[in-house]
Number of protein chains: 2
Amino acid sequence: MTLSEENYLKAIYHISDTCEGGISTNAIAEKMNTKASSVTDMIKKLSEKGLVNYKRYKGSELTAEGKLIATNIIRKHRLWEVFLVEKLNFTWDEVHDVAEQLEHIKSEKLIDQLDEFLGFPKRDPHGDPIPDKDGNVSDNADVLLVTLDKNEKGIIVGVKDSSSSFLKYLDKQGIALGKKIKVIDKEPFDNSMKIRIKKEEFMISQQIANNICIKK
Amino acid sequence: MTLSEENYLKAIYHISDTCEGGISTNAIAEKMNTKASSVTDMIKKLSEKGLVNYKRYKGSELTAEGKLIATNIIRKHRLWEVFLVEKLNFTWDEVHDVAEQLEHIKSEKLIDQLDEFLGFPKRDPHGDPIPDKDGNVSDNADVLLVTLDKNEKGIIVGVKDSSSSFLKYLDKQGIALGKKIKVIDKEPFDNSMKIRIKKEEFMISQQIANNICIKK
DNA sequence: CTCTTTTTTTAGACAAGACTAAAAATTAAA
DNA sequence: TTTAATTTTTAGTCTTGTCTAAAAAAAGAG
Ligand SMILES: [Mn+2]
Ligand SMILES: [Mn+2]
Ligand SMILES: [Mn+2]
Ligand SMILES: [Mn+2]
């Protein structure tokens with residue numbers, strides 16, 4: 001597995017999570033910040049290797065083997081993120097870029113021992129589940145904040161967007177994993193909402209509410 | 001810096017340690033397990049970038065800038081080796097290959113925090129000094145075991161060969177860093193020697209004695 | 001059902017890094 | 001000091017992964 005192949009598999013896996021069916025070449029190109037023609041080339045190679053199913057003009061999807069490789073990389077990514085936050089004093093908005101590099105380190109013992117060293121964590125600093133070695137991912141039955149109605153309550157358990165700017169915004173507002181949240185009011189016009197966290201009330205836009213995961 | 005460029009700089013740095021003057025193209029090729037023609041190409045590129053001084057047919061040596069990059073990679077390599085042994089239960093013969101990968105991870109904060117997390121170690125699991133951020137390496141005034149005379153004593157402080165097979169041999173013989181050692185007898189014919197460690201006496205060949213560093 | 005727009009694939013080119021084979025420079029030998 | 005051996009460089013090729021431009025297929029509009 002080259003670094004590039006691994007990144008393609010991971011991208012396809014992540015896209016598959018959101019939309020159903022065969023993944024379009026353009027969707028992959030957009031996620032990878034590359035051109036569709038490059039994607040076609042790589043997809044062909046991965047298809048040769050039996051890691052994706054591909055029919056010309058019909059899009060692609062991961063095989064079982066491809067999916068296992070993808071989840072393994074995601075497992076490594078998220079374990080490293082936990083390590084960086086728990087052991088090396090990184091904040092949750094700083095870890096992603098470094099984890100993008102660390103996820104490609106090849107050593108089974110390394111990742112097993114890291115897992116143990118961290119106490120077999122179940123989730124990464126952004127609330128995302130850490131796959132096990134066989135590729136099983138505990139799918140969260142969580143719900144987006146935007147779907148809560150007026151007066152509903154819940155606990156913040158994750159974020160969908162892990163960009164530094166978004167996470168820093170959350171920090172500034174005092175929005176963090178584990179906090180209790182209540183929807184005080186909802187503006188139908190733009191779907192913005194007034195929320196309460198720890199007795200403080202403030203407005204957030206729909207875009208924000210769209211990227212916060214809640215357990216009711 | 002690409003991965004390949006970094007590895008070349010590191011190789012040149014390590015060769016410079018042993019022999020003096022300009023490093024020959026062939027020496028680099030041998031260390032990197034590549035061909036001389038590939039080395040010439042890369043040396044030219046590094047020369048363009050001001051990281052090595054190079055004159056056709058005259059060999060190459062690192063500039064101050066090139067040396068700083070090299071020591072920084074070695075710093076990372078050795079810190080990761082400490083991490084693997086101290087925190088993740090790796091043995092000293094298992095760490096090198098993983099550290100070869102980890103040394104290329106780019107994040108200043110990562111390595112600073114790792115250094116602190118490990119308690120600012122001075123040496124790696126093989127007794128090699130860990131360079132500081134400015135490229136200063138505490139050069140050891142240590143001596144090779146092979147140079148000790150009959151009845152001389154010392155403490156084992158390092159190994160020159162970090163190959164798995166050599167380290168496993170040492171483990172089997174009970175030879176480890178920090179142990180006191182005494183030369184009981186020396187065979188002039190083949191330079192093998194009888195040594196004592198913790199009341200146990202046994203023979204070792206010159207090749208072994210050549211790769212063990214001693215502080216008298 | 002035909003024409004247009006969008007998506008996807010092909011064809012051809014390029015940069016990085018490596019290799020082989022051959023030429024040039026240096027070093028060693030006679 | 002000429003010749004022979006060795007070292008180093010050049011020339012040309014290959015693979016990986018990327019790109020642009022153009023062709024082909026699929027999807028949408030009227
Ligand atoms: Mn991440
Ligand atoms: Mn994450
Ligand atoms: Mn090492
Ligand atoms: Mn070492």
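Everything numeric in this text was worked out from a predicted model, so none of it was measured. Just so we're on the same page: letters track the sequence lines, and every chain starts at 1.
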- Would A:Lys160 count as a cation-pi partner of A:Phe166, with NZ or CZ less than 6.0 Å from the six-membered ring centre and within 45° of the ring normal? no
- Query: For D:dT9, does OP1 or OP2 lie under 4.0 Å from any side-chain N or O of B:Thr40?
  - Reply: yes
- Message: Using whole Å, what does the distance between atom C1' of nucleotide C:dA18 and atom CD of B:Glu5 come to?
- Response: 14 Å
- Message: Taking 4.0 Å as the cut-off, does a side-chain nitrogen or oxygen of B:Thr25 come that near to OP1 or OP2 on D:dT9?
- Response: yes
- Message: Is the ring pair A:His126/A:Trp92 parallel, tilted or perpendicular, if the boundaries are 30 and 60 degrees?
- Response: parallel
- Query: Quick one: is C:dA18 close enough that its OP1 or OP2 comes under 4.0 Å of any side-chain N or O from B:Tyr8?
  - Reply: yes
- Query: Under a 4.5 Å cut-off applied to non-hydrogen side-chain atoms, are B:Ser16 and B:Ile23 in contact?
  - Reply: yes
- Item | Atom-to-atom span, NZ of A:Lys58 to P of C:dT8 - whole angstrom | 11 Å
- Query: Is the distance from OP1 or OP2 of D:dT8 to the nearest side-chain N or O of B:Asn26 less than 4.0 Å?
  - Reply: yes
- Do B:Glu187 and B:Lys194 meet the salt-bridge criterion of a basic N to acidic O distance under 4.0 Å? no
- Rounded to whole angstrom units, what separation is found between the NZ atom of A:Lys55 and the P atom of D:dA25? 16 Å
- Taken to the nearest whole Å, CD1/B:Ile28 to C1'/D:dT9 is 14 Å
- Item | Short side-chain N/O contact from A:Lys44 to OP1 or OP2 of C:dT10, under 4.0 Å | yes
- Between P of D:dT10 and CE of B:Met42, the distance in whole Å: 16 Å
- Distance check: side-chain N/O of B:Ser4 vs OP1/OP2 of C:dA16, anything under 4.0 Å? no
- Item | Any A:Tyr54 side-chain nitrogen or oxygen under 4.0 Å from OP1 or OP2 of C:dT8 | no
- Item | Selection from C:dT9, C:dA18, C:dA25 that lies nearest to any side-chain heavy atom of B:Ser38 | C:dA18
- Query: Can you find a side chain N or O atom of B:Arg56 that sits less than 4.0 Å from OP1 or OP2 on D:dT10?
  - Reply: yes
- Nearest-angstrom distance from the residue atom NZ of B:Lys35 to C1' of D:dA11: 17 Å
- At under 4.0 Å, does any side-chain N or O of B:Ser37 touch on OP1 or OP2 of C:dT20? no
- Are the charged groups of A:Glu6 and A:Lys106 less than 4.0 angstrom apart, N to O? yes
- Item | Nearest-Å distance for atom pair CG/C1', residues B:Asp41 and C:dT20 | 13 Å
- Gap between atoms CD1 and C1', on A:Ile43 and D:dT18 respectively (whole Å): 15 Å
